[in-house]
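Take a look at the structure set out below.
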Amino acid sequence: MAKKVKYIYSKYECWWEDATSHSEWKDIQEAKLDKPTICYTEGYLLTKNKDYHTFVMSFALSDVGEQMIVPTKNIKKLKRVGTKTFYVSDFEYETYQNES
């Protein structure tokens with residue numbers, strides 16, 4: 001009997017630009033050298049459009065966790081690192097009862 005597929009999602013590495021802020025006092029010349037921050041997210045691409053990409057890191061049947069929504073215009077580099085097929089049986093509690 002074939003396993004029933006629940007989801008198929010591709011996993012990505014995403015480098016994106018974010019704002020940087022500092023609350024401490026510093027010399028004005030030093031402050032002029034500050035730059036935005038490059039951030040890194042790794043996750044499954046749930047959805048994308050012209051405005052944003054939504055990545056998730058955790059699945060629980062019909063729920064997701066550890067969600068990161070990155071504005072598309074902030075993405076500097078996006079690299080697909082694989083695809084994962086999640087089966088219905090992967091989320092059945094009893095499946096793991098006899099594992100060591």
- Do the side chain of T20 and the main chain of T37 share a donor and acceptor less than 3.5 angstrom apart? yes
- Task: Step by step, work out the side chain to side chain contact (heavy atoms under 4.5 Å, CB included) result for K26 and E24.
- Result: CA-CA 6 Å; K26 63 170 71 175; E24 74 276 358; 3.6 Å; yes
- Identify the two heavy atoms, one from H22 and one from D34, that lie closest to each other, and give their separation to 0.1 Å. CD2-OD2, 3.4 Å
- Residues forming a side-chain hydrogen bond (donor to acceptor under 3.5 Å, both in side chains) with E42, sequence neighbours excluded: K11, Y40
- Item | Nearest-0.5 Å distance, CG of residue L78 to CG of residue L45 | 7.0 Å
Tell me which donor-acceptor pairs under 3.5 Å the side chains of residues 47-55 have, and how far apart each pair is, sequence neighbours excluded?
residue: N49; atom: OD1; partner: D51; partner atom: N; Å: 2.7
residue: N49; atom: OD1; partner: Y52; partner atom: N; Å: 2.9
residue: H53; atom: ND1; partner: T72; partner atom: OG1; Å: 3.1

- Message: Nearest 0.5 Å, please: how far is OH in Y44 from CG in L46?
- Response: 12.5 Å
- Hey, does S62 have a side-chain heavy atom less than 4.5 Å from the side chain of K6? yes
- Message: Same cluster or not: V56 versus L61, using hydrophobic residues (I, L, V, M, F, W, Y) connected whenever any side-chain heavy atoms lie under 4.5 Å apart?
- Response: yes
- In one Ile/Leu/Val/Met/Phe/Trp/Tyr side-chain cluster, 4.5 Å: M68, Y12: yes
- Query: For the residue pair F59 and Y7, does the interplanar ring angle fall in the parallel (under 30°), tilted (30 to 60°) or perpendicular (over 60°) class?
  - Reply: tilted
Side-chain donor-acceptor pairs of residues 83-90 under 3.5 Å, sequence neighbours excluded:
residue: T83; atom: OG1; partner: S10; partner atom: OG; Å: 3.1
residue: T83; atom: OG1; partner: R80; partner atom: NH1; Å: 2.9
residue: D90; atom: OD2; partner: Y87; partner atom: N; Å: 2.8

- Tell me whether the guanidinium CZ or amine NZ of K76 lies under 6.0 angstrom from the six-membered ring centre of W15 and within 45° of its axis. no
- Message: Are T41 and W16 packed together at the side-chain level, in the sense that at least one heavy-atom pair is separated by less than 4.5 angstrom?
- Response: yes
- Working to the nearest 0.5 Å, report the span between SG of C39 and CD1 of I75. 12.0 Å
